[in-house]
Amino acid sequence: MSSRNVLVVLYDGVQSLDVTGPVEVFAAAARFPGRSPYEIRTVSPGGTPVRTSSGLTLVPDGDLAAARPGRRTTLLVPGGRYAADFEPRLTDWLRAHGGGAERLVSVCTGGLLLAEAGLLAGRRATTHWYACEQMARDYPDVAVEPDPIYVRDGPVATSAGVTAGIDLALALVEEDHGQEVALTIARHLVVFLRRPGNQAQFSAQLAAQTARREPLRDVQQWITEHPDGDLGVEALAARARLSPRHFARAFRAETGVTPGRYVERVRVEHARRLLEDSRQGVAQISRACGYGTPEALRRAFIRALGQPPAEYRRRFGP
């Protein structure tokens with residue numbers, strides 16, 4: 001079977017981990033006998049060495065101008081500077097040749113480069129949370145999804161910040177070579193093959209702001225430590241020594257989400273970890289996360305992750 005090609009675009013200011021993380025994933029596939037390896041090639045404008053955002057120097061294999069992605073080629077565009085003053089040779093090349101790749105992949109703010117080249121027009125996409133607002137503002141023809149760690153829309157796949165590129169690369173390896181190969185690579189790299197693309201970029205605690213006032217911060221911590229407890233507004237308000245109406249208003253003002261929404265995120269996240277890391281039954285997990293019944297947990301999972309707990313465990317469980 002012929003090998004697949006991975007063409008990685010380099011430029012001054014590129015983030016080194018956006019390059020090396022996915023490349024290590026693809027390179028690891030060569031360790032499996034009988035599997036077609038990936039032929040990995042790096043290119044830069046002019047074929048000159050580039051200085052990464054961390055100060056490292058990367059030496060490309062060739063000149064961007066001579067590269068032509070085609071059949072069985074995954075074109076990987078890593079992230080770098082946030083500003084829109086992109087290297088014209090890079091965006092012009094992407095505009096002219098990016099659409100010829102079998103798969104077009106961006107990591108982190110590499111999605112801004114794809115958008116600048118017009119390759120995300122009419123598509124769903126994501127990028128680093130810090131740049132999602134910029135992408136939505138500067139490229140209104142792109143349907144920006146700020147929450148997922150990666151988004152796939154046809155042959156185009158865009159991922160969130162830094163390590164999300166590893167998650168996306170593992171998903172592509174799984175597509176090409178199967179879950180067993182991808183899981184073995186993940187174990188070798190000491191990362192988890194557990195994060196579906198629609199998983200949020202942040203945990204529930206990081207996705208919401210930390211409340212300024214100590215009573216509300218204490219309530220946030222209580223919710224995290226007691227997902228199976230009484231987490232209704234009245235009970236939480238009593239813990240904060242506020243009236244239910246005052247508590248609900250203050251919680252949303254300081255965290256950016258309602259108490260109910262925050263509780264839902266914490267409970268789903270806790271259930272997800274139990275499904276991934278334990279062999280407890282769904283009924284037991286439902287009780288441990290405060291849902292009471294498997295059906296209530298099922299509805300919450302479909303709302304949050306688009307799939308029921310049983311399917312989630314089949315894909316990402318032990």
Side-chain angles (χ1 to χ4, degrees), residues 25 147-152 159-160 163-164 166-171 173-175 177-208 210 217-236 238-240 251 255 257-318:
V25 172
D147 289 332
I149 59 173
Y150 62 81
V151 171
R152 299 192 66 179
S159 63
T163 57
I166 296 175
D167 293 294
L168 178 52
L170 285 166
V173 169
E174 181 176 358
E175 179 180 289
H177 298 292
Q179 187 179 40
E180 183 179 351
V181 171
L183 181 57
T184 302
I185 292 173
R187 287 171 176 160
H188 178 76
L189 298 176
V190 198
V191 296
F192 290 104
L193 186 63
R194 299 279 175 85
R195 300 207 297 174
N198 58 359
Q199 183 172 319
Q201 294 192 29
F202 292 125
S203 67
Q205 289 78 10
L206 290 178
T210 300
R217 289 201 305 271
D218 290 344
V219 167
Q220 286 181 289
Q221 186 65 30
W222 171 265
I223 293 170
T224 302
E225 295 174 353
H226 301 86
D228 59 340
D230 181 358
L231 302 182
V233 169
E234 291 79 7
L236 297 177
R239 182 164 294 278
F251 191 94
T255 67
V257 296
T258 65
R261 179 64 174 152
Y262 188 81
V263 167
E264 177 94 332
R265 287 177 176 177
V266 169
R267 282 176 165 165
V268 167
E269 186 174 309
H270 186 58
R272 181 176 57 77
R273 287 199 301 268
L274 291 176
L275 287 166
E276 291 173 359
D277 300 326
S278 79
R279 298 190 181 277
Q280 295 180 36
V282 172
Q284 187 177 357
I285 290 174
S286 301
R287 292 191 296 271
C289 297
Y291 285 108
T293 67
E295 180 56 28
L297 176 63
R298 181 179 182 278
R299 290 196 299 268
F301 249 64
I302 291 175
R303 281 195 303 270
L305 300 176
Q307 57 187 307
E311 175 63 17
Y312 187 89
R313 169 166 271 175
R314 187 189 69 80
R315 294 184 61 195
F316 307 108

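Residue numbers start at 1 and run along the sequence shown.
- The heavy-atom pair separating Val219 from Ala240 by the smallest distance is CG2-CB, 3.8 Å.
- Minimum interatomic distance between Gln220 and Thr255 (heavy atoms only, all atoms of both residues): NE2-CG2, 3.6 Å.
- Interatomic distance, CD1 of Ile302 versus CD of Gln307, reported as 9.5 Å (0.5 Å rounding).
- Contact detail for Tyr262 and Thr224: the closest heavy-atom pair is OH-OG1, 4.1 Å.
- Nearest heavy atoms, Ala288 versus Pro227: O-CG, 3.9 Å.
- To the nearest 0.5 Å, atoms CZ (Arg298) and OG (Ser286) are separated by 12.0 Å.
- By the 4.5 Å heavy-atom criterion applied to side chains, Cys289 and Leu274 are counted as neighbours.
- The nearest pair of heavy atoms linking Tyr150 to Leu168 is CD1-CD1, 3.8 Å.
- To the nearest 0.5 Å, atom CG of residue Asp228 and atom NE2 of residue His270 are 7.0 Å apart.
- Under 4.0 Å is where a charged nitrogen must lie from a carboxylate oxygen, and between Glu264 and Arg261 no such pair does.
- Ionic pairing of Glu269 and Arg265 is not present here: no N-O contact between side-chain nitrogen and carboxylate oxygen is shorter than 4.0 angstrom.
- Minimum interatomic distance between Leu236 and Trp222 (heavy atoms only, all atoms of both residues): CD2-CD1, 4.2 Å.
- Rounded to the nearest 0.5 Å, atoms CD1 (Ile223) and CG (Asp218) are 11.0 Å apart.
- Under the 4.0 Å criterion applied to side-chain N and carboxylate O atoms, Arg152 and Glu175 are assigned as salt-bridge partners.
- Residues Pro308 and Phe301 form no side-chain contact, since every pair of their non-hydrogen atoms from C-beta on lies 4.5 Å or further apart.
- With values rounded to the nearest 0.5 angstrom, Tyr291 atom OH is found 6.5 Å from Arg267 atom CZ.
- Taking CG from Leu189 and OG1 from Thr184, the interatomic distance works out to 11.0 Å, rounded to the nearest 0.5 Å.
- Contact check for Arg313 versus Ile285: side-chain heavy atoms found under the 4.5 Å cut-off.
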